[in-house]
J.: 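Dumping the structure here so I can ask a few things about it.
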Amino acid sequence: KTRFAKITGVILSSFASAGLLIAFRNYRPYSTIPVGNIIIACGVSLFLFLLFRQYPIIGENPVLTRLGGYSLEIYILHTYFVTAGRAAFAHRGWNEYGVVSLIFILGVAGPLVIAWLLKNIKIFKKLELYHILFRPYYFVIRKTGDIKK
């Protein structure tokens, strides 16, 4: 495919997605999402896609590589932080869509903080809670003596 065809396909699929969301806006769960937000979200997604297509990251991205190492922790723990964030913001009466980005940050940063605490605080380190919770396979192998600590 040519570059023009790929970009045109992405643009058309973004408009198709926005069109479908707008067409079904009277049905749950889309009835609560304003049309403007759908168009803005599709536009931002399209912009980011085209930006990363234009300026690809050559080699490994250290931030994404580091986050990838904590993907299990984020996957397991993000629901607690997202749920707590939503409940706290709803209790305060903040239900705007801008709060979603704060909740997203909570869902990623919270598990990273927990993982860091479990790895670096002396008592947790001694109990090896991090390895028991997030790396049980390596914990068992180490305890049986198959690999070095």
Side-chain angles (χ1 to χ4, degrees), residues 6-7 9-11 13-18 20-22 24-149:
K6 289 178 183 177
I7 292 175
V10 170
I11 292 171
S13 64
S14 295
F15 282 120
S17 298
L20 286 171
L21 288 172
I22 291 168
F24 290 104
R25 71 179 177 272
N26 294 329
Y27 300 99
R28 291 183 73 89
Y30 306 113
S31 61
T32 60
I33 303 173
V35 173
N37 289 8
I38 293 170
I39 293 170
I40 290 170
C42 288
V44 168
S45 298
L46 178 63
F47 170 76
L48 290 174
F49 176 81
L50 293 176
L51 178 70
F52 287 119
R53 294 273 304 162
Q54 185 69 25
Y55 302 105
I57 300 169
I58 298 172
E60 286 187 5
N61 182 334
V63 174
L64 295 179
T65 302
R66 185 89 167 164
L67 283 176
Y70 288 99
S71 60
L72 179 63
E73 293 86 334
I74 294 170
Y75 174 71
I76 292 173
L77 296 175
H78 83 277
T79 53
Y80 299 108
F81 290 94
V82 168
T83 304
R86 288 182 70 184
F89 288 127
H91 179 72
R92 305 266 311 157
W94 300 345
N95 292 321
E96 295 87 23
Y97 288 98
V99 174
V100 171
S101 27
L102 293 174
I103 293 172
F104 172 77
I105 292 169
L106 276 175
V108 174
L112 293 177
V113 168
I114 296 294
W116 184 87
L117 290 172
L118 290 176
K119 277 181 159 181
N120 294 307
I121 292 183
K122 194 178 243 182
I123 185 77
F124 297 142
K125 209 173 185 179
K126 187 172 177 117
L127 294 172
E128 297 191 68
L129 284 179
Y130 176 80
H131 293 289
I132 291 170
L133 294 173
F134 300 117
R135 305 289 185 262
Y137 175 74
Y138 295 110
F139 176 75
V140 170
I141 287 176
R142 239 189 9 252
K143 289 299 179 185
T144 58
D146 288 347
I147 62 173
K148 292 182 181 177
K149 196 172 190 177

J.: Show every ring pair (Phe, Tyr, Trp, His ring centres under 6.0 Å) that has at least one partner inside residues 104-128, sequence neighbours left out.
T.: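 Passing the test, one end in residues 104-128: no pairs.
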J.: How long is the span from the CD1 atom in Ile123 to the CG atom in Leu129, to the nearest 0.5 Å?
T.: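 Between atom CD1 of Ile123 and atom CG of Leu129 there are 8.5 Å.
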J.: Are any of the side-chain heavy atoms of Leu118 and Phe134 separated by less than 4.5 Å?
T.: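 SC-SC contact between Leu118 and Phe134 confirmed.
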J.: Show me, pair by pair, the donor-acceptor contacts under 3.5 angstrom made by side chains of residues 67-78, not counting sequence neighbours?
T.:
unit_1, atom_1, unit_2, atom_2, d
Tyr70, OH, Lys119, NZ, 3.1
Ser71, OG, Gly68, O, 3.1
Glu73, OE2, Tyr130, OH, 2.3
Glu73, OE2, Arg135, NH2, 3.4
His78, ND1, Ile74, O, 3.1
His78, ND1, Tyr75, O, 3.0

J.: Any idea which heavy atoms bring Phe81 and Leu106 closest together, and the distance?
T.: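 Taking Phe81 first and Leu106 second, the nearest heavy atoms are CB-O, 3.5 Å.
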J.: What distance do Thr83 atom OG1 and Ile103 atom CD1 have between them, rounded to the nearest 0.5 Å?
T.: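 Result: 9.5 Å between the selected atoms.
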